[in-house]
2 protein chains.
Amino acid sequence: MTTRSFLMTHRHPRLTDAERTALNNAVAHVREVPARHVLVREGVPLSQCTLLTRGFIHRYKDTQDGRRQILALHIPGDFVDLHSYPLKRLEHSVAATTDVEIAVFPHQAIRELTLISPNLTELLWRSTLIDAAINREWLVSIGARSAAVRIAHLFCELRARMERVGMADEHGFELPITQVDLADATGLTPVHTNRMVRQLRDQKLVDFRDRRVVIHDLDRLIDFAQFDTGYLFFD
Amino acid sequence: MTTRSFLMTHRHPRLTDAERTALNNAVAHVREVPARHVLVREGVPLSQCTLLTRGFIHRYKDTQDGRRQILALHIPGDFVDLHSYPLKRLEHSVAATTDVEIAVFPHQAIRELTLISPNLTELLWRSTLIDAAINREWLVSIGARSAAVRIAHLFCELRARMERVGMADEHGFELPITQVDLADATGLTPVHTNRMVRQLRDQKLVDFRDRRVVIHDLDRLIDFAQFDTGYLFFD
DNA sequence: CGGCCGATTGATGGACATCAATGGGAGTGG
DNA sequence: CCACTCCCATTGATGTCCATCAATCGGCCG
């Protein structure tokens, strides 16, 4: 499977063909993992990274009192835990949200990439920082936005990211996560999440049902959600 | 001033003397900036990074409805916006919380460092990722912890980080920020923040007053705050 | 068919927000 | 040296958003 292009490298026209090839060759193997499987457990020393090629993955942290905070939702094309390369371990866990297919990059292979190409290194570094920018936007959402806006904002973000990899258009996208997941991502209870989802539906802003997000009027949703793509660094 | 060691490189014994020197030589100049001065505005193209050498800096984002979410608090020794190097711009703003002294690193100088030393590159990369880990812990705090615990947790974090640079001990530390800042960092209103600060004081867990955090029993505070240093990657 | 999970809805409670006012300390100008 | 102002801390009263508790329903699967 190493003949296949795992990374959306067309987004990075500055990469040379050699760099592109090296990147694809860094994949040790491809693996399928069933939904809910925990890929990485908090604190465990790691020696490889995961690129998601199919399905959804989330990163999360459990608190002492039994709550779960989802820190990130990943879509195909995302380097889920590239930050484990410089950090050596993660301070959170990683799990498959749905059945997934992943490409495994040994840390050693990434190290070799960084040795041959500062350019590629910067690309990878940048990728981990865009993840961090998304973390910060979620911080703004949870800290300063109302429940309904928070949910709408997340839908906008996921739509924008998924559109980028051809999995969404202005009318919506498949989102195979539960309302419980959505609640854990937005810092709300499942019950209140359900009510807010209903409210957004009633207001005809966005309809999340049957694992699918349907958008009636994207501009109106974006306006409601106070959404600005800037933090996704699509440039 | 380039003879002075700006980075806490003793924390990274793997660096060679040459690397250490190169890092220190990458400083273009040192500058003083008064409290409240905005160092970086959201979205503006950047060509340099800032290392904080004295005082406090915060990173924040203003929302449409006039709220401010503080995304990070920085203490001396922190590379405040190193992520602007791979990202070229920031999606948030950066401001001096107090009067500060900063060391300026041109992106070009950082680029040269990355060309001569993959080792150093990884150190810098790692530094930006630890910042991201802190972002995520704040996400857990705001999303899943009560107001009082949230505040206590932030005090624990700052204490641990400041102890590392000799600015705190088990009994407390100077924290020259206002309750309004604390509120904006924790996603609470200043009024409720004030009540929680008082409650923490009454419970003799931690006393934040007169720009100083006084801790009676650190173990008890850590326990109350559900604080675990793991995410700070002190290893 | 029974059991389980996720979605849904109602009733109630509580944590935190909002509104409003006072007080104190620091800086400024008369 | 004393008003005056401004910012920050503080407190009370009230309101509301979201949490909690509890129950039902539907679909899926063994």
Side-chain angles (χ1 to χ4, degrees), chain A residues 34-36 56 58 63 65-70 95 97-99 141-154 174-203 206-214, chain B residues 34-36 56 58 63 65-70 95-99 141-154 174-203 206-214 224:
Chain A
R36 287 157 192 280
F56 287 74
H58 61 275
T63 62
D65 49 320
R67 302 181 70 151
R68 176 181 70 151
Q69 178 65 46
I70 291 184
T97 317
T98 64
D99 290 347
S141 262
I142 298 185
R145 294 186 176 115
S146 71
V149 174
R150 230 181 276 183
I151 291 170
H153 193 280
L154 180 56
E174 300 295 324
L175 185 63
I177 69 173
T178 66
Q179 287 190 2
V180 174
D181 294 331
L182 185 56
D184 287 342
T186 52
L188 301 167
T189 58
V191 173
H192 197 59
T193 299
N194 179 279
R195 288 191 231 271
M196 292 301 102
V197 165
R198 156 167 290 281
Q199 183 186 306
L200 291 171
R201 185 183 304 147
D202 291 345
Q203 292 177 212
V206 56
D207 190 341
F208 175 44
R209 202 176 354 182
D210 302 331
R211 324 195 124 217
R212 182 169 174 78
V213 174
V214 176
Chain B
R36 288 159 192 280
F56 288 74
H58 61 274
T63 63
D65 50 319
R67 302 182 70 150
R68 176 181 69 151
Q69 177 65 47
I70 291 184
T97 316
T98 63
D99 291 346
S141 262
I142 297 186
R145 294 187 177 115
S146 72
V149 174
R150 229 181 277 184
I151 291 170
H153 193 279
L154 180 56
E174 302 294 324
L175 185 64
I177 69 172
T178 66
Q179 287 190 3
V180 174
D181 294 331
L182 186 56
D184 287 342
T186 52
L188 301 167
T189 57
V191 172
H192 197 60
T193 299
N194 179 280
R195 288 192 231 269
M196 293 301 101
V197 165
R198 154 166 292 280
Q199 183 186 305
L200 291 171
R201 184 183 303 146
D202 291 345
Q203 293 178 209
V206 55
D207 191 341
F208 175 45
R209 202 174 354 181
D210 302 330
R211 323 195 125 220
R212 182 168 174 80
V213 173
V214 176
F224 175 81

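Chain A is the first sequence line, chain B the second, and so forth, proteins listed ahead of strands; every chain is numbered from 1. Just so it is clear, the structure is predicted and the values come from calculations on it, not from any experiment.
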> Is it true that B:R195 and B:D202 make a salt bridge, defined as a side-chain N closer than 4.0 Å to a carboxylate O?
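Looking at B:R195 and B:D202, the cut-off is not met.
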> Using 4.0 Å as the upper bound for N to carboxylate O, is an ion pair formed by B:D207 and B:R209?
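Salt bridge between B:R209 and B:D207, a charged N being under 4.0 Å from a carboxylate O: yes.
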> Go nucleotide by nucleotide along DNA chain C from the 5' end; which of A:R209 and B:A148 gets its closest nucleotide reached first?
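The residue mapped nearer the 5' terminus is A:R209.
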> Just checking, is any N or O donor in the side chain of A:S141 or A:R145 under 3.5 Å from an acceptor N or O on the other one?
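Short answer, yes.
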> For a quick check of understanding: with a heavy-atom distance under 4.0 Å over all strands, which category does A:T178 fall into, base, sugar-phosphate or nothing?
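Sugar-phosphate: the residue A:T178, judged by heavy atoms under 4.0 Å, touches backbone atoms but no base.
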> Looking at NE2 of B:H58 and CG of B:D184, how far apart are the two atoms once the value is rounded to the nearest 0.5 Å?
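Here the rounded value is 8.0 Å.
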> Round to a whole Å and report the spacing from CZ of A:R67 to C1' of D:dT20.
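A:R67 atom CZ is separated from D:dT20 atom C1' by 11 Å.
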> So, taking the atom named CG in A:L154 and the one named CZ in A:R150, what distance separates them when rounded to the nearest 0.5 Å?
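Separation between the atoms: 11.0 Å.
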> Rounding to a whole Å, what distance do you find between A:M196:CE and D:dC18:C1'?
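Answer to the nearest Å: 8 Å.
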> Distance check needed: D:dT10 P versus B:H192 NE2, whole Å only.
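B:H192 atom NE2 is separated from D:dT10 atom P by 15 Å.
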> Let me confirm one number: the CG-CD1 distance from A:L188 to A:I142, rounded to the nearest 0.5 Å.
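Between A:L188 CG and A:I142 CD1, I get 8.0 Å after rounding to 0.5 Å.
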> Could you list where the contact with chain A starts and ends along DNA chain C, reading 5' to 3', using a 4.0 Å heavy-atom cut-off?
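Listing 5' to 3', DNA chain C meets chain A from C:dG6 to C:dA11.
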> Write down the distance between CG (A:L188) and P (D:dT20), rounded to a whole number of angstrom.
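Going from CG in A:L188 over to P in D:dT20 covers 11 Å.
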> Would you say D:dT10 has OP1 or OP2 under 4.0 Å from some side-chain N or O of B:N194?
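Checking D:dT10 against B:N194, a side-chain N or O does come within under 4.0 Å of OP1 or OP2.
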> Hey, what do you get for CD1 (B:I151) to OG1 (B:T186), rounding to the nearest 0.5 Å?
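Between B:I151 CD1 and B:T186 OG1, I get 5.0 Å after rounding to 0.5 Å.
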> Tell me: CG of A:D184 to P of D:dA19, nearest whole Å?
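Taking atom P of D:dA19 as the reference, CG of A:D184 is at 11 Å.
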> Regarding B:R211, tell me which of base, sugar-phosphate or nothing describes its non-hydrogen contacts under 4.0 Å with the strands shown.
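Nothing, no heavy atom under 4.0 Å.
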> Each nucleotide N or O in nucleotides 13-16 of chain D that has a protein N or O under 3.5 Å away: list the pair and distance.
unit_1 : atom_1 : unit_2 : atom_2 : d
D:dA13 : N6     : B:R195 : NH2    : 3.0

> How long is the span from the CD1 atom in B:I70 to the CG atom in B:D181, to the nearest 0.5 Å?
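That separation rounds to 4.5 Å.
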> About how many Å separate CZ of B:F208 and CD1 of B:I177, when rounded to the nearest 0.5 Å?
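The CZ atom of B:F208 is 5.0 Å from CD1 of B:I177, to the nearest 0.5 Å.
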> So A:R145, base contact, sugar-phosphate only, or nothing? Heavy-atom distance under 4.0 Å.
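It contacts nothing in the nucleic acid.
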